[in-house]
Amino acid sequence: MLLNFQPVFLFIFNISFKAGVMVILILMLKFFLKDRLPASWNYYLWLLLILRLLLPDSLGSQLSVFNYVDINPHGAVTLQPSSLQPDTTMMISSNNMDVNINDTNIGSLQSFDSHSRKSNFYLWSWFSFIWAAGVILMSIAIYRANRKFAIALKNDSTPCMNPSLLEQLETCKQIIGINRRIPLLTTNTVCVPSLYGFWKPRILIPQKGFENVPTKEWKHVFLHELAHLKRKDIGINWIVTILVVIHWFNPLLWLALRKMREDQEIASDYLAISRMNKQQSQEYAAVLIKWMEYFQKAPLTVHSVSMIDNKRYLKRRIQMIIKKRVSYKWSLVGMLALALLAAVSLTSAKAEEEAKSEDVQVKEVVTQTFEALRHFQDADTFLSHTIDVRYSKPEANKLAVSIFANKELNPNTLIDFKIEKIEKLNVGEYKAYLTKTYSDLGKLPIYGVPVVKSDGEWRVVIENIEFVPNQFWLRNKDTLTNSDKVEVLAVNENAAVIKRK
């Protein structure tokens with residue numbers, strides 16, 4: 001069970017790294033612009049981060065920052081547990097030259113390779129287990145907090161029947177452009193006015209401080225909460241919370257969540273004051289300051305957004321409300337900044353995109369080829385996916401058809417195979433490392449099968465490969481190893497894989 005989390009965690013880790021790079025770019029952009037962008041554009045920058053997390057497989061681009069900054073966590077665990085057996089070794093050099101094998105270097109290379117791969121594999125497995133445990137624990141904590149808040153609200157809330165407030169709310173709904181019914185509740189479960197609920201939104205008014213707020217000031221409160229509703233902020237917060245839980249190990253995303261909530265509040269302030277004149281905007285800022293004295297730390301709930309979410313950045317909100325600057329020039333700058341950020345961080349590395357596409361194609365061709373070869377079935381598929389370098393094409397086709405047609409003459413049939421790794425060697429040239437199991441020879445060691453691009457199609461190269469039973473190998477390994485006509489590719493206790501030159 002511990003091993004099953006690893007591929008998912010490596011996938012998440014890669015996405016999280018790219019999202020972290022994007023967070024740094026957004027913070028740098030905001031630092032240089034110094035809050036000159038309109039509030040909505042500041043907020044839209046964070047929405048691009050959500051897209052980055054939701055759409056990890058983006059288009060490749062030469063402009064992408066990931067052409068220069070990237071990681072490959074999969075490189076640490078290229079082999080699966082089945083390939084970590086101590087009796088299996090892949091005796092092939094990186095430059096594809098001949099390899100001389102003897103008892104000493106077989107043992108030493110085998111031991112080193114097995115130990116290093118096992119260490120990396122189990123290290124990432126433990127990381128993935130810790131990640132999964134963190135996701136589960138955080139999900140439980142958030143669920144319990146929201147459930148507790150919902151129960152408390154159900155037990156301690158009453159519909160507000162004040163006609164002046166209800167009339168004020170209806171007026172604000174018309175101003176902001178909302179037609180749906182929005183209940184108004186009074187409760188002790190919140191300390192500042194809040195919008196609660198995604199499917200059935202309600203505005204919550206705290207009992208404490210309720211009597212101290214004049215009726216005319218409730219207009220500013222309602223406009224702010226309705227602005228949250230208009231902008232679908234609760235739904236966005238749900239998405240962001242789920243993403244942060246999945247990427248809980250990344251501190252940059254926690255920072256991004258906090259900064260995004262700041263810009264979310266300011267964007268709602270701007271939408272509210274866009275319906276006000278200058279004097280009303282100043283009154284709106286005064287209402288924020290008044291409610292600050294009632295503010296307490298909010299519970300860990302995702303269902304609600306409050307008029308005051310954090311005291312620390314209230315000063316910044318007040319300053320931006322007083323400025324209330326709407327400049328077409330800075331709106332254009334915001335649009336360009338958004339486009340530039342999307343171009344460099346929403347896209348993937350061009351080379352990575354192409355390599356990934358080739359990897360998939362190569363893996364599909366190798367799979368189809370050996371599926372066809374298994375038990376000598378589907379000769380046409382096998383022929384269309386292979387290049388036999390031993391013979392001319394007519395002779396190779398004739399031989400293949402003969403073999404497939406006379407299955408009973410080939411008792412040593414392919415029972416199973418597994419692609420352990422796909423490695424790019426050059427442009428249009430790959431190697432697929434496989435383990436194969438035959439009816440007579442048993443499980444062969446891992447060895448590389450060439451895959452090349454020919455006439456625009458990927459094809460498996462059929463070479464002069466022979467599988468030597470272990471008894472024959474032990475008797476003749478010195479002769480075979482020292483022969484200039486034989487290349488030893490791989491060895492295990494069942495058989496040796498050799499190539500005739």
Side-chain angles (χ1 to χ4, degrees), residues 1-24 26-27 46 49-58 66 69-85 114-152 198 234-261 297-305 309-310 345 348 356 418 420-421:
M1 183 176 178
L2 181 136
L3 302 178
N4 293 336
F5 295 122
Q6 190 184 107
V8 178
F9 175 64
L10 291 175
F11 178 71
I12 295 296
F13 187 86
N14 187 49
I15 298 171
S16 197
F17 170 79
K18 293 180 178 179
V21 172
M22 193 174 192
V23 171
I24 293 173
I26 293 174
L27 293 176
W46 298 115
L49 177 63
I50 298 176
L51 286 178
R52 170 80 264 184
L53 291 165
L54 292 175
L55 304 173
D57 293 327
S58 49
F66 302 111
V69 180
D70 208 350
I71 60 169
N72 180 22
H74 300 273
V77 281
T78 54
L79 298 183
Q80 298 300 318
S82 61
S83 67
L84 297 175
Q85 300 172 8
S114 176
H115 177 74
S116 61
R117 290 183 183 277
K118 280 183 178 179
S119 298
N120 286 335
F121 183 84
Y122 287 113
L123 180 63
W124 281 98
S125 294
W126 276 110
F127 284 157
S128 63
F129 179 77
I130 294 170
W131 163 77
V135 171
I136 294 172
L137 291 175
M138 288 192 62
S139 299
I140 293 173
I142 291 175
Y143 170 79
R144 292 183 63 183
N146 281 272
R147 181 68 178 163
K148 181 179 179 181
F149 183 86
I151 293 173
F198 178 69
I234 292 180
I236 292 173
N237 288 349
W238 260 114
I239 295 172
V240 172
T241 301
I242 292 171
L243 291 172
V244 169
V245 167
I246 293 173
H247 299 267
W248 64 265
F249 56 89
N250 190 340
L252 286 173
L253 292 184
W254 287 100
L255 175 63
L257 173 63
R258 184 166 65 85
K259 294 293 184 182
M260 192 204 78
R261 291 295 292 265
K297 187 176 181 180
L300 189 64
T301 176
V302 190
H303 285 292
S304 65
V305 280
D309 188 65
N310 196 315
S345 59
S348 297
K356 182 178 180 181
K418 182 178 180 182
E420 302 288 358
K421 184 175 69 169

Take Lys18 and Leu53 through the test side chain to side chain contact (heavy atoms under 4.5 Å, CB included) and record every step on the way to the result. CA-CA 9 Å; Lys18 293 180 178 179; Leu53 291 165; over 6 Å; no
Steps toward side chain to side chain contact (heavy atoms under 4.5 Å, CB included) verdict (Lys259, Ile26): CA-CA 10 Å; Lys259 294 293 184 182; Ile26 293 174; over 6 Å; no
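- Of all non-hydrogen atoms in Phe198 and Ile234, the two that sit nearest each other are CB-CG2, 3.9 Å.
- Taking the six-membered ring where tryptophan is involved, the planes of Phe9 and Phe249 are perpendicular, since the angle between them exceeds 60° and thus also 30°.
- Considering every non-hydrogen atom in both Ile142 and Thr241, the closest pair reads CD1-CG2, 3.7 Å.
- Using a distance-only test at 3.5 Å, with no hydrogens or angles considered, no donor-acceptor pair links the side chain of Ser16 to the main chain of Ile12.
- From Ile236, atom CD1 reaches atom CH2 of Trp46 across 14.0 Å, with rounding to the nearest 0.5 Å.
- The main-chain N or O of Trp254 is never found under 3.5 Å from a side-chain atom of Trp248 such that the two would form a donor-acceptor pair.
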Could you walk me through whether Leu49 and Val240 pass the side chain to side chain contact (heavy atoms under 4.5 Å, CB included) check? CA-CA 10 Å; Leu49 177 63; Val240 172; over 6 Å; no
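- Atom-to-atom distance recorded for Leu243:CG and Asn250:CG is 12.0 Å, nearest 0.5 angstrom.
- Considering every non-hydrogen atom in both Ile15 and Arg52, the closest pair reads CG2-O, 4.3 Å.
- To the nearest 0.5 angstrom, Ile24 atom CD1 is 10.0 Å from Leu255 atom CG.
- To the nearest 0.5 angstrom, Ile50 atom CD1 is 10.0 Å from Met22 atom CE.
- Rounded to the nearest 0.5 angstrom, Leu252 CG and Leu257 CG are separated by 12.5 Å.
- The line from CE of Met138 to CD1 of Ile242 is 12.0 Å long, rounded to the nearest 0.5 Å.
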